[in-house]
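What follows is a short report on a single structure.
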Amino acid sequence: MNLSSRVKSKFANLFAGNLPHVSYAGAAGGVARRKFASDTHPVLRESYITMRDSGARAMDIDAAHVAHASHEGMRAFQQSYEKHSDFGLRSKSTTFIFCKRAIDISFSLIGLFMLAHILLAIAIAIKVTSKGPVFFRQDRYGLDGKLFKIYKFRTMYTDLADASGVRQTTKNDCRITPIGKFLRRTSIDELPQLFNVLEGTMSLVGPRPHVPNMIAAGQRYEDFHPRYMDRHSMVPGITGLAQVKGYRGETTSPEAAMGRLYYDLEYARSASILGDIKILFMTIRTEFLSGSGF
């Protein structure tokens, strides 16, 4: 199945009906305006071709269509998941749960052992270059919405950091230390979460754990969409489907907030061991090697 077919299949049921005009901005600067009709399939195909010709990435195509879910498509988005009973960790087989946990324990132990010298060097660098603790701990939503303490390397100046986490990190954020910029760009600041994986409060793959009252498109994520808390039906992960699809970082726009939620819910519905392995490999390629964080 080619990319055009995958895009059509993914969004055909989600955005059926008449929707408002939308601008698609391609990487080459070209802009094409299209109006969605009730016959969604041809429109998705046409918009994909237009965006492809203007140099847009597949992620931009996803974002353009997911953006509509914050308007009339919001209702269709919710209904598409209400049809599924196989949702969340408790709907998965015992084999899946056992294998996923076995992989989490094995890989976290191997990772901590192999990266021990790097983790130590980073800890020393953080301690030497700025005042404050090496690790940053914060309450995050876990499985079933229960709070747990997440571990990260501290990347901000202690006196400027927001302990609540409600204020999101932005590009060129003045609160970030020089070493912190490198750690965030390479996502190395997330490595201490291997301890969370080992203790069972996190998994290698799953929806990223959010802080309570996190802001999405100018409002609390809890108020942004009625299905938001359903993303906590899975154990949170160091990486997830939303992240490898390009939805990481700020959620200041409705499309960014909706796109992340869409893929978090999609993971909760369709998670598999093979899918987890693919996400892990994609994360290594897109995050640690390309340095796309901030």
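As the structure is a computational prediction, the values presented were derived from the model and not from experiment.
Taking a cutoff of 4.0 Å between a charged side-chain nitrogen and a carboxylate oxygen, D144 and K146 do not qualify as a salt bridge.
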Trace of the side chain to side chain contact (heavy atoms under 4.5 Å, CB included) decision for L143 with H232:
CA-CA 5 Å; L143 180 63; H232 305 125; over 6 Å; no

Start with the C-alpha distance between F153 and F136, add both sets of side-chain angles, then the distance that settles ring pair (Phe, Tyr, Trp, His ring centres under 6.0 Å), and finish with yes or no.
CA-CA 6 Å; F153 279 125; F136 174 72; over 10 Å; no

Let me see the working for T283 and V205 under side chain to side chain contact (heavy atoms under 4.5 Å, CB included), right down to the final yes or no.
CA-CA 10 Å; T283 298; V205 180; over 6 Å; no

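Counting only N and O atoms by type, the side chains of T155 and R175 include no donor and acceptor under 3.5 Å apart. Residues S187 and R248 bring a donor and an acceptor atom of their side chains to less than 3.5 Å of each other.
Screening residues 198-212 for salt bridge (charged side-chain N to carboxylate O under 4.0 Å, His left out) gives E190-R208 as the qualifying pairs, with residues at least two apart or on separate chains. Among pairs with a residue in residues 99-120, those fulfilling salt bridge (charged side-chain N to carboxylate O under 4.0 Å, His left out) read K100-D276, at least two apart in sequence or across chains. A salt bridge (charged side-chain N to carboxylate O under 4.0 Å, His left out) check over residues 110-121, counting only residues at least two apart or in different chains, returns nothing.
The backbone N or O of E222 sits nowhere less than 3.5 Å from a side-chain atom of R220 that would complete a donor-acceptor pair.
Remark: S91 OG to R269 CZ distance equals 10.5 Å, nearest 0.5 Å. Expressed to the nearest 0.5 Å, how far OG of S203 lies from CG of L89 amounts to 9.0 Å. Taking CD1 from I150 and CD1 from I238, the interatomic distance works out to 8.5 Å, rounded to the nearest 0.5 Å. Between the OG1 atom of T177 and the CD1 atom of I179 there is a distance of 7.0 Å, given to the nearest 0.5 Å.
Listed by chain and number, the residues in a ring-ring contact (aromatic ring centres under 6.0 Å, His included) with F195 amount to none (sequence neighbours excluded). Looking at residues two or more places apart in sequence or on another chain, you find a side chain to side chain donor-acceptor pair (under 3.5 Å) between D230 and R227. The side chain to side chain contact (heavy atoms under 4.5 Å, CB included) search around H210 returns M214, Y221, Y228, R231, R260, not counting sequence neighbours. In this view, P236 and F148, M202, P209 satisfy the side chain to side chain contact (heavy atoms under 4.5 Å, CB included) rule, not counting sequence neighbours. In this view, K152 satisfies the side chain to side chain donor-acceptor pair (under 3.5 Å) rule with no residue, not counting sequence neighbours. Scored by the side chain to side chain contact (heavy atoms under 4.5 Å, CB included) test, S106 finds no partners at all (sequence neighbours excluded). Remark: K278 engages no residue in a side chain to side chain donor-acceptor pair (under 3.5 Å) (not counting sequence neighbours). Evaluation of the side chain to side chain contact (heavy atoms under 4.5 Å, CB included) rule for T95 yields S93, C99 as partners, not counting sequence neighbours.
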In residues 115-129, what donor-acceptor pairs under 3.5 Å come from side-chain atoms, sequence neighbours left out?
| unit_1 | atom_1 | unit_2 | atom_2 | d |
| --- | --- | --- | --- | --- |
| H117 | ND1 | M114 | O | 3.4 |
| K127 | NZ | G132 | O | 3.1 |
| T129 | OG1 | A125 | O | 2.7 |

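Residues F107 and V197 have side chains not in contact (no heavy-atom distance under 4.5 Å, counting atoms from C-beta outward).
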